[in-house]
Amino acid sequence: MIEHRVGRAVLGALGIAAFIALVELAGRLGLAPAGWPYVSSVLATAAELPLEPQFRADVLATLAACASGLVIAVAVAVPAGLLLGTVPFVERSVRPLVEFLRPIPSVSLIPIAMFLWTESQDAKTALVVYTCTWPVLINTLYGLTDVDPLAKDTLRSFGFGPVAVALRVSLPSAAPFIATGVRIAVSVTLIVAVSAELLAPGGGGIGAFLSLAGSANRLDRMLAAPLWAGLIGLAANLLFTAAERRVFRWHRERTGDAS
């Protein structure tokens, strides 16, 4: 298994290296648009950005909104999912509203968020909360359908009430699905936060850095900053995936997923 993962990582690294080499070659041959920087120049700029205090501050501003929004979303979505998943009347009453709100693109709500929250950081956090709530909520509901009914009936037979059954059986059983929802939410937090910063750069962040680089016509910095955003998103996804595999190994073994 370890050899398989190492092989996949090596092939992935070779694919990225080949892509970079092809794009660099295209630029050297004059196939890129006029004024477009070489990939080597963009990579050099990306290597220098962490040395700039302002860029580090912008990255921290974006990550702060992402982290706080994700925590709030989990704190809201998991109890809401438990309530909807254990009380059929509430689920039937609220599910149409959930299905109506869930497909609304978060980016389309940026002007509304900016109107409701005057502080850019608060608006970003609110948008992240809205975006992250849905995958966590839906995965919580899905996880509750996988709960062993015999285990719930056993606790009820010993006199445990609905809340105790939900906390002792339903929540632990649904935890792997909730973790998957959190991992999905993590992958979209940066998209929402940076999009909000592009429209309202006053509060700082990677999007604000991009706006400033665009106004200065620095294409190398405009390309280097998203590169760091992508690396941060990749690192976060890998971290959550590794933690999920380690914490919920029992679930993977039960479902036969050994990848």
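The analysis underlying the following values was restricted to heavy atoms, covering all of them including side chains, and did not include hydrogens, waters or symmetry mates.
Thr62 and Glu197 share a side-chain donor-acceptor pair at under 3.5 Å.
Val194 is listed as a side-chain neighbour of Ile206, based on a closest heavy-atom distance under 4.5 Å. Put simply, the side chain of Leu101 reaches to within 4.5 Å of the side chain of Tyr130, judged on heavy atoms. Using a 4.5 Å cut-off on side-chain heavy atoms (C-beta onward), Val59 and Ile232 make contact. Counting only heavy atoms from C-beta outward, the side chains of Glu99 and Arg95 approach each other to under 4.5 Å. Using a 4.5 Å cut-off on side-chain heavy atoms (C-beta onward), Leu82 and Leu171 make contact. Put simply, the side chain of Thr140 does not reach to within 4.5 Å of the side chain of Phe177, judged on heavy atoms.
Looking at residues two or more places apart in sequence or on another chain, you find a salt bridge (Lys or Arg N to Asp or Glu O under 4.0 Å) between Glu52 and Arg221.
Rounded to the nearest 0.5 Å, atoms OG (Ser195) and CG (Leu109) are 12.0 Å apart. In this structure, CG in Leu227 is found 14.0 Å from CE in Met222, a value given to the nearest 0.5 Å. With rounding to the nearest 0.5 angstrom, the CG atom of Leu63 is 11.0 Å from the CG atom of Asp58. To the nearest 0.5 angstrom, Glu91 atom CD is 10.5 Å from Leu144 atom CG. Atom-to-atom distance recorded for Ser106:OG and Ile191:CD1 is 10.0 Å, nearest 0.5 angstrom. How far CG of Leu137 is from SG of Cys132: 12.5 Å, rounded to the nearest 0.5 Å.
Linking ILVMFWY residues whenever their side-chain heavy atoms come closer than 4.5 Å, directly or via other members, leaves Val129 and Val78 in distinct clusters. Hydrophobic clustering, with ILVMFWY side chains joined whenever heavy atoms are under 4.5 angstrom apart, groups Leu83 together with Trp134. Side-chain heavy atoms closer than 4.5 Å link hydrophobic residues (I, L, V, M, F, W, Y) into clusters, and following such links, possibly through other members, connects Ile112 to Ile110. Cluster annotation: Val188 and Leu234 are assigned to distinct hydrophobic clusters (Ile/Leu/Val/Met/Phe/Trp/Tyr, side-chain heavy-atom contacts under 4.5 Å, transitive). Note on Ile16 and Leu238: separate hydrophobic clusters, where clusters join Ile, Leu, Val, Met, Phe, Trp and Tyr whose side-chain heavy atoms are under 4.5 Å apart, directly or indirectly.
In plain terms, the two heavy atoms of Ala61 and Gln121 that are nearest each other are O-NE2, 2.9 Å. A pairwise comparison of heavy atoms in Pro50 and Ala47 identifies CD-O, 3.5 Å as the closest pair. Here the closest heavy-atom approach between residue Thr133 and residue Ala77 is recorded as O-CB, 3.6 Å. Residues Leu198 and Gly207 approach most closely at CD2-O, 3.4 Å, considering heavy atoms. The nearest pair of heavy atoms linking Gly81 to Leu141 is O-CD2, 3.4 Å. Considering all non-hydrogen atoms of both residues, Lys124 and Ala196 come closest at CG-CB, 3.7 Å.
The backbone N or O of Ile104 lies less than 3.5 Å from no partner atom in the side chain of Ser108, so there is not a single donor-acceptor pair. Between the side chain of Ser41 and the main chain of Pro37, no donor-acceptor pair closer than 3.5 Å is present. Between the Asn237 side chain and the Gly233 main chain, no donor and acceptor come within less than 3.5 Å of each other.
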Under the side-chain contact (heavy atoms from CB on, under 4.5 Å) criterion, do Thr189 and Val128 qualify, and how do the steps go? CA-CA 6 Å; Thr189 53; Val128 171; 3.9 Å; yes
Trp228 vs Leu49, test: side-chain contact (heavy atoms from CB on, under 4.5 Å). Steps then yes/no. CA-CA 9 Å; Trp228 273 108; Leu49 286 183; 4.1 Å; yes
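Dense packing is recorded around CZ of Phe55, with more than 12 heavy atoms of other residues, nucleotides or ligands lying under 6.0 Å away.
Applying the salt bridge (Lys or Arg N to Asp or Glu O under 4.0 Å) definition to pairs two or more places apart or across chains, those involving residues 169-193 are Arg183-Glu244.
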